[in-house]
Amino acid sequence: TGYYGDGLNAIIVFAACFLPDSSRTDYNYVMENLFLYVISTLELMVAEDYMIVYLNGATPRRRMPGLGWLKKCYQMIDRRLRKNLKSFIIVHPSWFIRTILAVTRPFISSKFSSKIQYVNTLAELHEMIPMEYVHIPDSIVKYDEEKCIKRRMRTSCLSNDPEITSVEQE
């Protein structure tokens, strides 16, 4: 959790890699109580505008929350919290997350949909929000670095390919 702006508006950081494994026998119970904890914390912290930064990188599929849980969360969040949410930033969005949001878009309000932003790197996130008050877990930083290295390697390989270079020059 951190703050941005002069009014010290809250930035809530949610790292999916720390969610419980869905193979746990008490998974539904744990997720239900986690949600209640998050909502009660939000209600205490959020007096005005806030944003949520959802760190999706370094999260195995078995730790990602299911569609039913996400729908229930959205429905249980009271109007004030939904209204005061200024931005829901998803860092390192996976194909799965993008698909879920595309499928559920008709069922959620257009106002909420317009608050969702995808960010592919921590550098992009840094351009959007002040990072000095935001703690990013080491596993996410490492994931971001590895992803950037792979992207740079792919880009340099493509730029060294004579066929691609000639097509780019045309």
Side-chain angles (χ1 to χ4, degrees), residues 1-24 27 30-31 34-35 37-39 41-42 45-46 49-67 69-70 73-74 77 85-105 108 112-169:
T1 305
Y3 295 94
Y4 68 98
D6 295 332
L8 293 180
N9 297 313
I11 299 173
I12 313 300
V13 179
F14 191 82
C17 62
F18 295 127
L19 287 174
D21 194 303
S22 59
S23 65
R24 289 178 61 132
Y27 178 76
V30 171
M31 292 299 283
L34 174 64
F35 172 71
Y37 170 77
V38 168
I39 291 301
T41 302
L42 279 176
M45 287 183 62
V46 175
D49 297 345
Y50 70 105
M51 67 174 56
I52 295 176
V53 176
Y54 178 80
L55 302 172
N56 188 64
T59 305
R61 172 70 190 99
R62 66 184 187 279
R63 290 191 185 271
M64 287 188 192
L67 183 57
W69 187 79
L70 292 170
C73 290
Y74 177 74
I77 294 173
L85 177 66
K86 293 303 164 200
S87 186
F88 186 84
I89 302 169
I90 301 172
V91 182
H92 304 124
S94 64
W95 175 87
F96 177 75
I97 292 288
R98 287 179 187 264
T99 302
I100 282 182
L101 288 172
V103 168
T104 58
R105 193 158 289 220
I108 56 177
F112 183 78
S113 292
S114 69
K115 296 175 184 184
I116 298 171
Q117 297 175 280
Y118 296 113
V119 173
N120 293 311
T121 65
L122 292 176
E124 285 180 48
L125 181 64
H126 185 72
E127 291 173 12
M128 297 172 73
I129 64 171
M131 297 293 285
E132 61 268 16
Y133 301 114
V134 177
H135 173 71
I136 304 294
D138 292 338
S139 60
I140 303 295
V141 172
K142 184 178 179 193
Y143 175 86
D144 187 74
E145 289 169 353
E146 290 169 359
K147 192 173 177 185
C148 288
I149 289 170
K150 286 179 185 175
R151 187 177 296 125
R152 274 194 297 263
M153 286 174 55
R154 229 177 308 147
T155 305
S156 67
C157 289
L158 290 176
S159 64
N160 290 335
D161 187 331
E163 287 183 22
I164 293 175
T165 306
S166 66
V167 170
E168 288 175 350
Q169 292 173 351

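Heads up: numbering here begins at 1 and tracks the sequence.
A donor-acceptor contact shorter than 3.5 Å links the side chain of Arg63 to the backbone of Leu19.
You'll find the side chain of Tyr143 stays beyond 4.5 Å of the side chain of Leu55, heavy atoms only. Val119 has its side chain out of reach of Pro93: every pair of non-hydrogen atoms, C-beta onward, lies at least 4.5 Å apart. Annotation: side chain of Val53 is not in contact with side chain of Phe14 (no heavy-atom distance under 4.5 Å). Residues His126 and Thr121 form no side-chain contact, since every pair of their non-hydrogen atoms from C-beta on lies 4.5 Å or further apart.
The aromatic rings of Phe88 and Phe112 sit tilted relative to each other, their planes meeting at an angle between 30° and 60°.
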**OP:** Could you check Ser87 against Gln117 for side-chain contact (heavy atoms from CB on, under 4.5 Å), going step by step and ending with a plain yes or no?
**Re:** CA-CA 7 Å; Ser87 186; Gln117 297 175 280; 2.5 Å; yes
**OP:** Evaluate side-chain contact (heavy atoms from CB on, under 4.5 Å) for Ile140 paired with His92, printing each intermediate quantity in order.
**Re:** CA-CA 9 Å; Ile140 303 295; His92 304 124; 4.0 Å; yes
**OP:** Report the C-alpha distance between Ile90 and Leu101 in whole Å, list the side-chain angles of each, state the deciding distance to 0.1 Å, and finish with yes or no for side-chain contact (heavy atoms from CB on, under 4.5 Å).
**Re:** CA-CA 11 Å; Ile90 301 172; Leu101 288 172; 3.3 Å; yes
Original post:
Step by step, would you call Met64 with Asn56 a side-chain contact (heavy atoms from CB on, under 4.5 Å)?
Top reply: CA-CA 8 Å; Met64 287 188 192; Asn56 188 64; 3.6 Å; yes
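In this structure, CG on Leu125 lies 5.5 Å from CD1 on Ile89, to the nearest 0.5 angstrom. Note that CD1 of Ile116 is 12.0 Å distant from OH of Tyr54, once rounded to the nearest 0.5 Å. Note that CD1 of Ile39 and CG of Leu34 are 10.0 Å apart. Values are rounded to the nearest 0.5 Å.
A 6.0 Å sphere centred on CG of Asp138 holds no more than 12 heavy atoms belonging to other residues, nucleotides or ligands.
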